[in-house]
Structures are given as C-alpha cells and as structure tokens.
Amino acid sequence: MHFTSAQRLDDGVLEREFTLGEIPGTLWTPESAAPAPLILMAHNNGLPKAAARLVARARHTAAYGYAVAAIDAPGCGDRPRSAADEQARADLRRAMQAGEPVDDIFESFIGPLVEKAVPEWRSTLDALLALPEIGGPVGYSGWTAVGIRLAAVEPRIAAAGFFAGGYVPRAQREEARQITIPLLLLLQWDDEGNPRQRALDLFDAFGSKEKTLHANMGGHTGTPWFELEDGERFFDRHLK
C-alpha cells in the first residue's frame with residue numbers, strides 16, 4: 001500500500017489517498033491514540049470513491065471514531081471500463097427507462113463486477129489491517145451485491161449495513177442464506193431502481209438471527225441523514 005497524499009480536515013479526520021497495485025483508494029482515520037475499528041465503505045456500481053454522498057458518509061463515520069476505507073473497484077470511478085461494460089450500462093439504462101425486463105442484462109453486467117471486486121476488497125483489507133492505526137473488528141457498509149459475497153467469504157467481517165437490495169444477482173441471493181453476521185438493511189420505499197418486494201425477499205433470505213430493516217419513504221437518493229447516525233450506533237454495538 002502506497003499513500004500518495006494526506007490532509008487533515010477541519011473535523012480532525014485524516015484523509016489519505018492510496019494505491020494498492022492497480023487499486024486506488026481513500027482512507028479516513030479519526031484523531032485517536034488507539035487503533036480504530038475499520039469500516040469498508042463500498043459505493044454502488046460505477047460511482048467513484050470521490051462521490052459527494054460517499055465522502056460525506058465516510059467523514060462523518062471517521063469523526064465518530066472509525067477508520068473508513070473506500071476503493072474504486074474494477075470498472076468504477078476512474079478505472080478503465082471495457083466496451084462490453086459500457087454497452088451493458090447503456091442497455092440497462094435503456095431497458096429501465098422503457099420499463100422492459102432487465103434481469104438478464106443485470107446478471108451479465110453486475111455478476112462479473114462482483115467477481116472482480118471482492119478479491120480486491122480482500123487484498124485491501126489485508127493491507128489496511130497491517131497499519132498500526134487500524135484494529136479489528138471490521139464492518140462493511142454499502143453496495144449489497146458486493147457486501148453479500150464479501151461477508152460470505154471473509155470471516156473478518158463482523159457486521160454489515162446494506163443499501164437497497166432490489167437488484168442483486170442470483171448467486172448473491174443464494175449466498176444471502178449463508179450470512180449469519182448482524183445486518184442492517186436500508187430500503188427506500190419508493191426507489192425506482194430497486195424493486196421493493198425483491199428487497200423484502202432478500203431481507204427474509206438472510207440467515208442472520210440479528211437483522212434489522214429500516215424503510216423510509218422516498219426515492220433512491222432520499223435516504224434520511226439520521227440513518228447514518230443509526231448506522232453508526234449499529235456498528236457501535238458490534239465493532240466496539
């Protein structure tokens with residue numbers, strides 16, 4: 001892991017850009033003498049780690065006492081996208097706008113992204129836990145499809161907060177039954193891009209004995225800010 005920049009923000013959080021091989025990432029750490037528990041914060045497919053909503057969540061969570069890391073997974077942010085990826089994105093947008101079935105397009109597009117992203121997240125986790133300012137345990141927050149696979153294969157993940165969950169590949173829907181860690185699933189009731197019933201079915205499928213569903217009115221980007229604070233209390237119960 002190579003740090004390429006560092007700045008102390010006005011809330012006391014240290015923000016550092018890093019690279020790990022071809023993986024670009026950002027690490028936010030609080031002002032603390034003791035090693036901080038870690039939260040991996042994954043954005044939805046295609047968005048950069050510098051997206052304003054993700055950065056705001058990361059900074060608030062770091063100021064709350066956590067180390068927070070985000071990476072640009074393959075095909076996301078500024079990382080190269082293949083012609084096939086670009087075509088799949090265009091086909092998906094067109095089908096959704098036209099109200100046409102999108103399952104086959106979605107499977108062919110998101111499935112490979114999950115397969116590529118999870119090994120990179122695990123390599124990043126290895127490097128982060130080697131830093132003296134970071135300790136366990138580890139939480140995950142964000143993109144549901146990646147989070148399910150990561151929680152299924154990575155025993156160091158102790159708790160997870162997932163967003164939406166309407167469109168999740170079949171493979172991850174099956175893997176959801178293997179997940180037994182504490183979960184918090186956020187659902188926007190009127191999310192035009194995530195079918196409500198599929199999200200509810202996914203919540204039901206998780207094998208966790210402790211799982212919580214928070215549903216709020218509004219569209220995809222309308223998640224209330226107080227859910228961030230509720231999420232931090234959720235992680236407090238399981239990571240501190």
Side-chain angles (χ1 to χ4, degrees), residues 1-21 23-43 49-73 117-143 146-147 150-163 179-186 208-212 214 225-240:
M1 177 172 284
H2 176 63
F3 288 102
T4 58
S5 69
Q7 61 173 329
R8 183 71 67 178
L9 305 175
D10 54 12
D11 53 9
V13 170
L14 178 62
E15 179 183 82
R16 287 175 285 176
E17 300 295 322
F18 67 83
T19 58
L20 182 65
I23 307 169
T26 307
L27 174 64
W28 296 266
T29 49
E31 286 186 304
S32 174
L38 173 65
I39 295 178
L40 306 178
M41 194 166 284
H43 48 69
K49 60 183 176 58
R53 283 184 293 147
L54 183 142
V55 171
R57 285 169 45 219
R59 288 185 57 176
H60 191 280
T61 304
Y64 197 76
Y66 290 94
V68 181
I71 64 172
D72 277 339
V118 168
E120 294 198 349
W121 270 112
R122 298 188 77 183
S123 296
T124 303
L125 179 56
D126 290 339
L128 290 169
L129 290 179
L131 299 175
E133 63 269 37
I134 296 178
V138 181
Y140 173 92
S141 175
W143 188 6
V146 167
L150 192 60
V153 301
E154 181 51 74
R156 292 173 291 185
I157 303 294
F162 294 145
F163 297 169
I179 307 303
T180 58
I181 60 174
L183 295 178
L184 172 63
L185 178 65
L186 298 183
S208 303
K209 292 183 179 179
E210 181 177 339
K211 53 183 179 180
T212 301
H214 284 188
W225 185 253
F226 63 72
E227 288 291 1
L228 176 59
E229 297 173 341
D230 284 350
E232 289 165 351
R233 286 191 287 270
F234 164 78
F235 284 119
D236 279 355
R237 293 196 297 272
H238 305 290
L239 304 185
K240 288 186 175 180

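Because the structure is predicted, anything quoted here is derived from the model rather than measured. Scope of the values below: all heavy atoms of this structure, side chains included, with no hydrogens, waters or symmetry mates.
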Do the non-hydrogen side-chain atoms of L128 and V138 ever get within less than 4.5 Å of each other?
-> no
Taking the side chain as every heavy atom from C-beta outward, state whether T61 and W28 have any pair of such atoms under 4.5 Å apart.
-> no
Should P37 and F235 count as side-chain neighbours, where that means a heavy-atom distance under 4.5 Å?
-> no
What distance separates R16 CZ from R8 CZ, expressed to the nearest 0.5 Å?
-> 8.5 Å
If you take all heavy atoms of V118 and V146, which pair is closest and at what distance?
-> CG2-O, 3.9 Å
Between CZ of F163 and CG of L186, what distance do you get to the nearest 0.5 Å?
-> 5.5 Å
Could you give the distance from CG (L14) to OG (S32), rounded to the nearest 0.5 Å?
-> 12.5 Å
Do L27 and I134 have side-chain heavy atoms sitting under 4.5 Å apart?
-> yes
Evaluate the side-chain proximity of E229 to H60: yes if any heavy-atom separation is below 4.5 Å, no if none is.
-> yes
Straight-line distance of I71 CD1 to T19 OG1, nearest 0.5 Å = 12.5 Å
Would L184 and H214 count as a side chain to side chain contact (heavy atoms under 4.5 Å, CB included) if you check the C-alpha gap in whole Å, the side-chain angles of each, and the deciding distance to 0.1 Å?
-> CA-CA 7 Å; L184 172 63; H214 284 188; 3.9 Å; yes
Measure from the side-chain N and O atoms of S208 to the backbone N and O of I179, and report whether any donor-acceptor pair falls under 3.5 Å.
-> yes
Which residue pairs satisfy the side chain to side chain donor-acceptor pair (under 3.5 Å) criterion with at least one member in residues 150-159, sequence neighbours excluded?
-> R122-E154, D126-R156, E154-R156
Going by heavy atoms in the side chains, are L40 and T124 under 4.5 Å from each other?
-> no
Value rounded to 0.5 Å, distance of OH in Y140 from CH2 in W121 | 7.0 Å
For E210, what residues pass the salt bridge (charged side-chain N to carboxylate O under 4.0 Å, His left out) criterion, not counting sequence neighbours?
-> none
Are the side chains of K240 and Y66 in touch, meaning some heavy atoms are under 4.5 Å apart?
-> yes
Sequence neighbours excluded, every pair satisfying salt bridge (charged side-chain N to carboxylate O under 4.0 Å, His left out) that has a member inside residues 56-66 | D10-R59, D11-R59
Report yes if the side chains of E120 and L20 come closer than 4.5 Å at any heavy-atom pair, otherwise no.
-> no
